[in-house]
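One structure below.
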Amino acid sequence: MDYKTRDFSIYLDYFKGREEYIACQGDGYYYPIKQTLDNNIITKHIDGISTFGVYLLTRKSNCNFICIDIDIPKDKLKDVDFKETKIKFDYLNSSLITIVR
């Protein structure tokens, strides 16, 4: 099944945060938009049309997950073939371990 027709309900159950807002990426910043996270938003994100984020705290100040965003300079990624899943995972995993240490 193509991801564009896939039901992202499991993803939406896991990555839930602020119920009525999501973050949309602008030029060097994120800004809130009054929109719930849904299949359409996730598809736009996966297609690279827009970048969205989730505000982690719900209206009741609960947090359902934690996320670490690590930006790696693009010049360090030019030799990595991200189409190969194992190569991508191995590279990012070693980078994460280095950063955590």
Side-chain angles (χ1 to χ4, degrees):
M1 178 188 319
D2 186 325
Y3 75 86
K4 291 181 182 182
T5 58
R6 187 174 297 156
D7 177 14
F8 290 108
S9 60
I10 292 173
Y11 178 89
L12 292 167
D13 283 343
Y14 187 73
F15 293 103
K16 56 186 170 186
R18 185 70 183 209
E19 297 84 355
E20 71 276 14
Y21 286 95
I22 58 175
C24 185
Q25 186 176 27
D27 188 20
Y29 62 96
Y30 281 86
Y31 58 93
I33 57 173
K34 193 168 177 94
Q35 168 79 44
T36 58
L37 187 62
D38 60 20
N39 283 357
N40 185 43
I41 294 294
I42 293 171
T43 300
K44 286 181 181 178
H45 184 82
I46 290 172
D47 284 343
I49 295 170
S50 297
T51 300
F52 298 99
V54 176
Y55 293 103
L56 296 180
L57 295 179
T58 67
R59 275 181 264 152
K60 294 181 179 180
S61 294
N62 293 326
C63 184
N64 295 293
F65 71 99
I66 189 165
C67 177
I68 300 171
D69 180 14
I70 299 172
D71 294 318
I72 301 170
K74 293 199 186 305
D75 63 328
K76 292 189 177 186
L77 300 176
K78 63 184 174 190
D79 296 329
V80 180
D81 183 3
F82 282 99
K83 293 178 183 166
E84 293 293 328
T85 306
K86 179 159 178 26
I87 293 171
K88 176 182 177 180
F89 176 80
D90 289 345
Y91 178 81
L92 294 175
N93 186 48
S94 66
S95 296
L96 176 60
I97 289 170
T98 301
I99 290 168
V100 169
R101 286 185 184 148

Worksheet item: Closest approach of K16 and N64, non-hydrogen atoms and distance?
Response: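 Nearest heavy atoms, K16 then N64: O-ND2, 3.1 Å.
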Should [X] and [Y] count as side-chain neighbours, where that means a heavy-atom distance under 4.5 Å?
X	Y	result
T43	F8	yes
Y55	L57	no
E19	T58	yes
I42	F52	no
K86	D90	yes
L12	N39	yes

Are [X] and [Y] in one and the same hydrophobic cluster, where Ile, Leu, Val, Met, Phe, Trp and Tyr link if side-chain heavy atoms are under 4.5 Å apart?
X	Y	result
I22	F65	yes
I49	Y30	no
V54	I10	no

Discussion item. What I want to check is whether the side chains of D38 and T36 have a donor and an acceptor closer together than 3.5 Å.
Written reply: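 On atom types as modelled, these side chains do not qualify, holding no pair under 3.5 Å.
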Discussion item. If the condition is ring-ring contact (aromatic ring centres under 6.0 Å, His included), which residues does Y14 pass it with, not counting sequence neighbours?
Written reply: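 Per chain and number, Y14 pairs via ring-ring contact (aromatic ring centres under 6.0 Å, His included) with no residue.
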Fill in: Whether Y11 and F15 hold their rings parallel, tilted or perpendicular, with breakpoints at 30° and 60°
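Answer is tilted, since the angle falls between 30° and 60°.
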